[in-house]
Amino acid sequence: MGKLFLLFTLVPIAETYLLYLMGAHVGWLPTLLLVILTGFLGAALAKREGLKVWRSWQEALSQARMPEEGILGGVLVLVGGVLLVTPGVLTDLTGMLLLVPPSRRFIAKHVRARLEEKFQSGTVQYRVDLGGGRVAQRTVRRDPNVIDVEGEVVEERRRGDARGELEG
């Protein structure tokens with residue numbers, strides 16, 4: 001809760017202060033117009049990039065191959081769009097970085113590496129909001145002695161089968 005508290009209190013305070021400084025230097029009307037313009041620009045860019053990601057997924061799946069950008073790219077487009085629609089200078093800059101494909105791929109690469117590192121370490125922790133102010137923390141530990149595989153039965157033998165008996 002500490003990180004979210006900081007995020008939802010310090011970021012708006014910093015954004016308000018930056019907007020105040022901009023308003024003091026260039027005037028309140030240009031600052032307001034800039035906020036509105038970045039909101040519209042963010043919505044349009046998020047829609048365009050989101051549709052590009054969606055189309056590339058559809059094309060890849062229709063060709064029976066994995067999408068290049070993956071789900072993480074789509075999530076970053078969504079987050080970038082939300083940040084651009086949110087008024088503020090810091091959120092606009094961050095949103096732009098997430099919506100521009102080269103920087104989005106760079107960020108996705110690092111986020112993916114961090115996630116893979118967590119999964120490879122064998123311990124992943126996450127919190128579940130149970131509602132009513134109750135939160136449960138879960139820890140998933142990977143057992144290094146277990147190899148998780150998928151398979152299918154291609155031939156089944158039973159005791160007394162003419163092809164041979166299974167050891168029992």
Side-chain angles (χ1 to χ4, degrees), residues 1-62 65-142:
M1 181 171 150
K3 290 178 186 177
L4 282 178
F5 175 75
L6 289 175
L7 178 72
F8 288 116
T9 54
L10 292 183
V11 170
I13 289 170
E15 293 285 15
T16 304
Y17 181 68
L18 286 172
L19 289 173
Y20 168 77
L21 288 177
M22 283 179 61
H25 282 64
V26 297
W28 69 270
L29 187 59
T31 303
L32 179 64
L33 291 175
L34 181 68
V35 168
I36 292 170
L37 178 70
T38 57
F40 281 118
L41 178 67
L45 191 57
K47 181 180 179 181
R48 188 187 87 192
E49 288 301 313
L51 286 173
K52 256 181 19 183
V53 169
W54 179 254
R55 285 187 195 114
S56 73
W57 287 354
Q58 286 180 324
E59 182 182 330
L61 294 176
S62 71
R65 61 180 173 81
M66 286 298 293
E68 292 174 17
E69 187 136 15
I71 292 175
L72 185 56
V75 170
L76 292 178
V77 166
L78 176 66
V79 171
V82 168
L83 289 174
L84 269 173
V85 174
T86 304
V89 178
L90 297 174
T91 53
D92 287 348
L93 289 174
T94 307
M96 284 288 193
L97 284 173
L98 292 175
L99 288 179
V100 176
S103 59
R104 181 175 64 240
R105 283 191 286 271
F106 178 80
I107 292 167
K109 182 176 99 174
H110 285 77
V111 169
R112 187 177 298 111
R114 178 85 168 121
L115 289 172
E116 286 174 359
E117 179 183 299
K118 282 192 161 286
F119 285 119
Q120 289 299 323
S121 72
T123 303
V124 178
Q125 292 183 349
Y126 61 94
R127 297 171 63 122
V128 178
D129 185 355
L130 301 173
R134 297 180 308 149
V135 176
Q137 184 162 332
R138 305 275 192 244
T139 302
V140 178
R141 287 184 174 75
R142 187 172 56 100

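These figures come from a predicted structure and were not determined experimentally.
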*Thr31: what forms a side-chain hydrogen bond (donor to acceptor under 3.5 Å, both in side chains) with it, not counting sequence neighbours?*
none
*Results of ring pair (Phe, Tyr, Trp, His ring centres under 6.0 Å) for His25 - residues two or more places apart only*: none
_Between Glu15 (side chain only) and Pro87 (backbone N and O only), is there a donor and an acceptor less than 3.5 Å apart?_
no
_Heavy-atom donor-acceptor pair, Thr38 side chain to Asp92 backbone, under 3.5 Å_ = no
*Pro101 and Lys52: which non-hydrogen atoms are nearest, and at how many Å?*
CG-NZ, 4.5 Å
*Of all residues at least two apart in sequence or in a different chain, which pass the side chain to side chain contact (heavy atoms under 4.5 Å, CB included) check with Leu7?*
Leu4, Val11
_How close do Thr86 and Val82 get, counting heavy atoms only, and between which atoms?_
OG1-O, 2.7 Å
*Hey, are the side chains of Val77 and Leu98 touching, using non-hydrogen atoms and a 4.5 Å cut-off?*
no
*For Ala46 against Gly81, the heavy-atom pair lying closest together*: CB-CA, 3.5 Å
*asked:* Would you compute the distance between atom CZ of Arg105 and atom CG of Leu76 and round it to the nearest 0.5 angstrom?
replied: 12.0 Å
Under 3.5 Å, which donor-acceptor pairs do the side chains of residues 16-24 form with other protein atoms, sequence neighbours left out?
residue, atom, partner, partner atom, Å
Thr16, OG1, Pro12, O, 2.7

_Using modelled atom types and a 3.5 Å cut-off, is there a donor and acceptor pairing between side-chain atoms of Ser56 and backbone atoms of Val53?_
yes
*Of all residues at least two apart in sequence or in a different chain, which pass the side chain to side chain contact (heavy atoms under 4.5 Å, CB included) check with Leu97?*
Ser103, Ile107
*With sequence neighbours excluded, what pairs up with Ile36 under the side chain to side chain contact (heavy atoms under 4.5 Å, CB included) test?*
Leu32, Phe40
_Looking at every non-hydrogen atom in both residues, tell me the closest pair between Leu84 and Leu45 and how far apart they are._
CD1-CD2, 4.5 Å
